[in-house]
Amino acid sequence: MAEAADFQGTSASPARRWLRRAGALLTGAPLLAGLLQLPAAAPAQAASSDTVSVSVDSLSPSAPTDGDTLTVSGTVTNNGKQAVTDAHVGLRVGPQLTTRSEIDSVARHSDQLQSSTGSEVDEKYEEKFDKLAPGVAQHFTLSVPVDKLDLGEDGVYEFGVTLSGQTSAQAWDHVLGVQRTFLPWQPSEADTKTKTTFLWPLISTVHMTAKTGAGELQTPEFLDDDLAKELAPGGRLAQMVDLGKDLDVTWVIDPDLLASVDAMAAGNYRLQGADGTSTPGSREHQAIAKQWLAGLQKAVAGKEVVALPFGDPDLASLAHNGTSVTGSLSHLKEATDVAATTVKTVLHVTPSTDFAWPADGAVDPSIMKVATSAGADRVIARSDSLQETAGLPYTPSAPRPVGGGTTAVVADARLSKAFEGDLSKAGSATLAVQRFLAQSLQLNAQTDKQRSIVVAPQRMPTASQAQAMAAALNALQGGTWSQPQNLTAAAKDKPDPGATTRIPSASSYPSSLSRQELPGTAFEQIARTQDKLDKFRVVLSDQSRVVTPFGRAINREMSTSWRGRGSAADGYRGGVEAWLDELADQVKLIDKSETKLSGRSATIPVTVQNNLVQPVGHLVLRLRSTMPTRLKIGGEAYYEQPVEISGGHSQSVKFTTSANANGRVTVIAQLYTEDGQEYGDPVTFDVKVTEVTPTVMLVIGGGVLLLVLAGFRMYTQRKRAAARQAEEDGPGTTGEDTDEPGNPGAPGDRLLEEPEETDSASGADDPEQPSDPAPDTAPESADPSGTGERVDR
């Protein structure tokens, strides 16, 4: 559907148009008669439409007024195989164009010979060439007073530059090449001027990674040095600032670009290497970044600055593929909150954060909902998405109330897309400028009603596109039919009651844009990274060192600049998550080998290592026995202790254990955050329990053997003593032991004492069992664990 109906009510009257066109026909009658006499010429000319190409490299002034001299320069190139003789370059003024659609039609066929371009201006204003050899290009410059062009009423005129001549196959003078463009003609101030808002975007691709150095300055790491190329004199971003400083525009800035340039300007930035290493950034590039920031600060002083959410998140991707993933919208809110602070810190101006800008201004209900979810109540759309359906005979003003307190600020599609494509060649840039001015003047001529028109060009114009934009704006702002206006004023302007306010359905969203969106898996990975970050941050003593760089990196993962660069986006997200995993793994349990536990109780040490530069805490270490009936930790199945470790240190945490039976028991050590979330990987090791050790059994066995031997010796000695006594006493004695107590010479005293000594030495009745001082265990100690020992790295 067309953007808006073309309105012809303000063009020249029918009578005057008829007279002017009749004059043009009469002037061209001899030429027409000559062509009619050569019936074979028409097919031949059509076949030779590419014989000579004409390029209009400059046209000055772009919008002439009374008394001006129009200067046109360019080149003609013979692309054919035959030489062109008796050639000349001439200027032609075609008919006045009365609708925006007519302008589009001429632009589509700007170099076709079949289309009429009007009569040629006086031959005094032509440049002749005796011969154009094949493959040869010739430069030309023509100057003609504007009053010699016989322009009529105010409006847009078709304007052509032609190369006429002869070839050996066509030995008569005829047009061999043409380039059509437009001549806006508004010599006096228009009664009603269009209020034009031109957005001047300062947006780039993602440059910074999540990595920062371990020092106090946290040296940032960049993906590459491409940003320095854009900032250097002649670079894209340098051109945007140098050109924009003299224009009355609204600056639309991604705060991530400012943060990246500011980090580069601060010095000591590093560049990511292919092998995982990094190299220092250039001091020269640091100076370039400082110079660019200083220039931007001057350029935006006193101008309106609109801050997009940090990283310029892709609102359409989020709306279509991200809202089903928990937490995705919270990233948009965070990106919006940090935007104003970043811009104010770097540029020292307070920006507006009321605007959201979906890619190419394409909207549907879900995009509008997401765009306003973070607080923006104005969405920059485009008229080829939010199309007019009411049949208005003119292009309505930009603001459209679409319900819920939200305003869609609809940019004009024709003007917004005027500077797309390759404009590196002067001819292409000149045509783009003239077409933009023609559309703007024709739009103003549609009605006497003053309107607010917004121009939202592509997000990242090239240097040549920026130069063309600036040239068009300089002509427009120096013209007579338009006046500048900032975006906030345009959004607040009175809406046209006849303009459509219906947001297009999801099915009307362009498939070409859908194919460029971030997939749902991207948002799932973003959510996974955020979950890991949330677990990691709670153990840190200085969370900002990690949360800030990773939070901004997550914002960058959602950037609109990833459109059409799916593999690069995947690599960036993977790099962020991998770096977070590597950092979190710096706080971990040290692997432990099998532990031998001798005796009924002992302590088991478990070591926690912190290789970060900052202290960690808010952690507990839990040691769990898989067989508490055999081995208990702290009298229970598991026991846990708090852990706090200084940066670059390790800490041994000691756990009291008690054994109830011999055998092998698996023990699991696991770190937890204070809120009960597992942290890092567990460490599993075996504890071999031997309640009575072989050494103790040998001592006990030896004691029993000595006791038996001592008893046997006592028995034999008593028996011998009784026999001797019987021999001395003779018959009739009873053989009873008559030794008196206290007689030191009685042999029975020694025999009775020996077993007592042996029994005492055996320790068989001692209830306590000594612990074997194995290397993995230590005697039970009540001393508290320290904050850690220095890690050897």
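Note that the structure is a prediction, hence the values are computed from the model and not measured.
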Are Val379 and Pro358 packed together at the side-chain level, in the sense that at least one heavy-atom pair is separated by less than 4.5 angstrom?
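In short, these two side chains touch, coming nearer than 4.5 Å.
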
Gap separating the CZ atom of Arg459 from the CH2 atom of Trp357, nearest 0.5 angstrom
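Nearest 0.5 Å value for the CZ-CH2 distance: 5.0 Å.
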
From the list Lys417, Arg100, Arg451, salt bridge (charged side-chain N to carboxylate O under 4.0 Å, His left out) with Asp412 holds only for Arg100

Parallel, tilted or perpendicular: which describes the rings of Phe419 and Phe436, with under 30° parallel and over 60° perpendicular?
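Rings of Phe419 and Phe436: tilted, 30 to 60°.
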
Establish, from distance only, whether the side-chain atoms of [X] and [Y] form a donor-acceptor pair under 3.5 Å.
X	Y	answer
Asp493	Ser452	yes
Ser60	Ser58	no
Ser62	Gln434	yes
Thr99	Ser101	no
Thr75	Gln138	no
Gln186	Asp154	yes
Gln467	Gln239	yes

Apply side-chain hydrogen bond (donor to acceptor under 3.5 Å, both in side chains) to the pair Glu153 and Gln96, showing each step before the final yes or no.
CA-CA 9 Å; Glu153 293 187 352; Gln96 182 181 5; 5.6 Å; no

Under 4.0 Å between a Lys/Arg side-chain N and an Asp/Glu carboxylate O for Glu123 and Lys128?
no

Between the side chain of Thr500 and the main-chain N/O of Ala390, is any donor-acceptor distance below 3.5 Å?
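Side chain of Thr500 to backbone of Ala390: no pair is present.
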
Can you tell me if NZ on Lys229 sees more than 12 non-hydrogen neighbours from other groups inside 6.0 Å?
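No - once you tally the heavy atoms of other residues, nucleotides and ligands closer than 6.0 Å, there are 12 at most.
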
